[in-house]
Amino acid sequence: MRANKTFSGGYHFKFEGYPRAEVVEMEIPSTVIIPLKQGCGNEVKPVVKQGDKVEAGQIIGKDAEGIAAPVHASVSGEVVSLDQIKYPRGVVNSIVIESDGTKRWEPLAGRQADWTKLSVPQIEELLYTSGVTSLDSQGIPTNREGSPLSARDVKHLIVNAVEADPYNLSLTVLLAEERLVQFLEGLMILQKMMPGAKIHLAVNSNRKELLAQFDELTRENQLLELYPLSPKYPQGNDEVLMKAILGGNYANASAASVVLTVQTVLQARDAVVDGKPLIERMVALSGPGWEHNLHLKVRVGTPIQSITAKYLKKTGLQRLVPNNLLTNVAISDLLPVDRTFDNLNAIPENTNRALFSFLRLGAKKSSYSKAFLSAALPMLEKTCDTNVHGEARACIFCGYCEEVCPVEIIPHLLDKYVKSNIIDEQLIRYGIFSCVECNLCSYVCPSKIHLAWNIKAGQQMLIENEFKQPQPAQCGKDAFAFHFAG
Ligand code: SF4
Ligand code: SF4
């Protein structure tokens, strides 16, 4: 086990509405809406038409030439329409299936309970046809045509098991009972496919029991290197995580590195051993907007409405945000759950003006400022809503944005340059392209300055002015947005 690693900066969140380690299997929905673009890769083409009968697990969309994994019917039933879905980032075609209500699904051909008997091409075929190669920011590399990175070229497989976002899918749920051993089996399968890769597993340093279990189970076969990391945001960000693991090698090794989540490794194992296509996700209902903060096992394509109808609080308006609460945009409940969902956050809308908020103490008010009572009571759960809790003011040069920034740039300085319209090499020298868009600087700013927005705007202006800085390709990276500040 490696020594506890960390990065300078960051922030520990403790918001009310953290998901409990309880799992409920959602009933089969009467209708599913399957987007033809889900996760990493291009939109695929439909291979079914209106009126066709489909089985859960059957491929209903694919693109054999482009970088894309097939999509499947997540329920058995009938294709009732080919439609379009309006996402905040654009329109995506979709297939609507009316379900027959049955739970059965069609296993993939070629699965093998004793996966060690499978050849590498057979494993790759199962992973590709299951759809799991589209998961996470880079997907799972294979040696097939159309994969952005060849599995043979991968030198570092980094598994992100850190729980450092405001809300996280629980490892206690994901790795319960036999799933811990199955997770290690998933890693062995991936290692067979990526023989040149060293496996690194990053886990919160406060997860002592889990760390001890991993240590005991892998000590003899030396399957992986274990990294206990400080659970502060944004440790789970791919770039921040890669830097923590690869250290001084980061610049050279990052292009041959892949970061996968625990849920992805488990779904890869299920595809190869059980022949299970990617038809369901474990999703944590996070935030104070839910009646119960539990984990839902839900079929892909389930309309969010059918989840909110059952589990959302009946009083007040709630904002729905998938996955990382600090970096993702709000979505409508007309959208379906897709392969990329880990969390569905529900945050109460609060539009009350909070004039001179910085003068009022509050034990449950999330604030980085030491002037607030909440800073002295870090273990107390803080209120979470959509209000910025204060009015915009001029920068008071407190330095908080600089203190928390995980990539050690100076957000208030970049912000000043951008606002003054000084868009030149200075911004590059001050590291504007190192920003990982975690939004933490905006979150902690007591003057409520949208630093991260302005930094992003500065990057865009530099690119438009042809001061282009190459960025690592991240096909699953979400749109930039910000919801609230403490
Ligand atoms: S958004 Fe960018 S500048 Fe702000 S804290 Fe995160 S990495 Fe630093
Ligand atoms: S946190 Fe806000 S007020 Fe403080 S230095 Fe940064 S921009 Fe200025």
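Each residue takes its place number in the sequence, starting with 1. Just so we're clear, the structure is a prediction, and the values are computed from it rather than from any experiment.
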Salt-bridge test for [X] and [Y]: reply yes if a basic N is under 4.0 Å from a carboxylate O, no otherwise.
| X | Y | result |
| --- | --- | --- |
| Lys310 | Glu27 | yes |
| Arg339 | Asp136 | no |
| Glu349 | Arg319 | yes |
| Lys448 | Glu391 | no |

Parallel, tilted or perpendicular, judged at 30° and 60°: which one describes the rings of [X] and [Y]?
| X | Y | value |
| --- | --- | --- |
| Phe397 | His412 | perpendicular |
| His200 | Tyr227 | tilted |
| Tyr233 | Phe13 | perpendicular |

Item to check | salt bridge (Lys or Arg N to Asp or Glu O under 4.0 Å) evaluation trace for Lys382 with Glu16 | outcome: CA-CA 6 Å; Lys382 305 298 186 296; Glu16 58 193 356; over 6 Å; no

Between [atom1] of [X] and [atom2] of [Y], what distance do you get to the nearest 0.5 Å?
| X | Y | atom1 | atom2 | result |
| --- | --- | --- | --- | --- |
| Glu163 | Leu174 | CD | CG | 8.5 Å |
| Ile347 | Asp385 | CD1 | CG | 8.5 Å |
| Thr264 | Arg269 | OG1 | CZ | 15.0 Å |
| Cys438 | Asn237 | SG | CG | 7.0 Å |
| Ile279 | Lys276 | CD1 | NZ | 5.5 Å |
| Lys313 | Thr308 | NZ | OG1 | 14.5 Å |

Closest non-hydrogen atom pair, [X] against [Y]:
| X | Y | value |
| --- | --- | --- |
| Gly301 | Pro336 | O-CB, 3.6 Å |
| Met242 | Ile158 | CG-CD1, 3.7 Å |
| Leu169 | Gln263 | CD2-NE2, 3.4 Å |

Checklist entry - Checking side-chain hydrogen bond (donor to acceptor under 3.5 Å, both in side chains) against Asn350, which of Thr383, Thr386, Asn387 comes through? => result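 Among the candidates, only Asn387 passes.
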
Checklist entry - Taking it one step at a time, do Leu278 and Leu135 satisfy side chain to side chain contact (heavy atoms under 4.5 Å, CB included)? => result CA-CA 10 Å; Leu278 218 176; Leu135 293 176; 3.7 Å; yes

Next on the checklist: Just to verify, what does Lys297 make a salt bridge (charged side-chain N to carboxylate O under 4.0 Å, His left out) with, not counting sequence neighbours?
Outcome noted: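 Result, salt bridge (charged side-chain N to carboxylate O under 4.0 Å, His left out) vs Lys297: none returned.
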
Checklist entry - Listed by chain and number, what are the salt bridge (charged side-chain N to carboxylate O under 4.0 Å, His left out) partners of Lys314, not counting sequence neighbours? => result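 Per chain and number, Lys314 pairs via salt bridge (charged side-chain N to carboxylate O under 4.0 Å, His left out) with no residue.
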
Is it the case that the side chain of [X] and the backbone of [Y] share a donor-acceptor pair, with hydrogens and angles ignored and the cut-off at 3.5 Å?
| X | Y | result |
| --- | --- | --- |
| His156 | Leu246 | no |
| Lys37 | Gly41 | yes |
| Ser134 | Gly39 | no |
| Asp52 | Val79 | no |
| Gln305 | Leu334 | no |
| Ser442 | Ala452 | yes |
| Arg299 | Glu280 | no |
| Asn323 | Asn343 | yes |
| Asp165 | Asn324 | no |
| Asn204 | Asn206 | no |

Next on the checklist: Applying side chain to side chain contact (heavy atoms under 4.5 Å, CB included) to Ile97 and Val54, what does each step give before you reach the verdict?
Outcome noted: CA-CA 8 Å; Ile97 301 169; Val54 289; 3.9 Å; yes

Going by heavy atoms in the side chains, are [X] and [Y] under 4.5 Å from each other?
| X | Y | value |
| --- | --- | --- |
| Val321 | Val329 | no |
| Tyr417 | Gln426 | yes |
| Trp105 | Ser74 | no |
| Pro46 | Ile60 | no |
| Pro19 | His295 | yes |
| Leu171 | Arg207 | yes |
| Ile304 | Phe341 | yes |
| Pro70 | Tyr128 | yes |

Checklist entry - Looking at Tyr250, does the NZ or CZ of Lys243 lie under 6.0 angstrom from its six-membered ring centre and within 45 degrees of the ring axis? => result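 Pair Lys243/Tyr250 counts as cation-pi.
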
Checklist entry - Cation-pi between Lys232 and Phe7: NZ/CZ under 6.0 Å from ring centre and within 45° of the ring axis? => result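 Yes, Lys232 and Phe7 form such a contact.
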
Checklist entry - Can you list the steps and then say if Met282 with Val262 is a side chain to side chain contact (heavy atoms under 4.5 Å, CB included)? => result CA-CA 11 Å; Met282 186 75 83; Val262 172; over 6 Å; no

Item to check | Verdict with supporting geometry, Tyr18 and Asn168, side-chain hydrogen bond (donor to acceptor under 3.5 Å, both in side chains) | outcome: CA-CA 8 Å; Tyr18 204 84; Asn168 302 276; 2.9 Å; yes

More than 12 heavy atoms of other groups within 6.0 Å of [X] [atom1]:
| X | atom1 | value |
| --- | --- | --- |
| Ile396 | CD1 | yes |
| Lys62 | NZ | no |
| His292 | NE2 | no |

Item to check | Pair Asp415-Asn454, side-chain hydrogen bond (donor to acceptor under 3.5 Å, both in side chains): steps then yes or no | outcome: CA-CA 6 Å; Asp415 177 75; Asn454 296 338; 2.6 Å; yes

Next on the checklist: The test is side-chain hydrogen bond (donor to acceptor under 3.5 Å, both in side chains); show your working for Asp238 and Ser137 and say whether it passes.
Outcome noted: CA-CA 8 Å; Asp238 279 8; Ser137 59; 2.3 Å; yes

Checklist entry - Is it the case that Ser8 and Glu408 place a side-chain donor and acceptor less than 3.5 Å from each other? => result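 Yes - a donor-acceptor pair under 3.5 Å links their side chains.
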
Checklist entry - So Arg281 and Thr302, side-chain hydrogen bond (donor to acceptor under 3.5 Å, both in side chains) or not? Walk me through it. => result CA-CA 10 Å; Arg281 289 290 281 180; Thr302 299; over 6 Å; no

Checklist entry - For Asp342 and Val283, what are the C-alpha separation, side-chain angles and deciding distance, and is it a side chain to side chain contact (heavy atoms under 4.5 Å, CB included)? => result CA-CA 5 Å; Asp342 284 325; Val283 179; over 6 Å; no

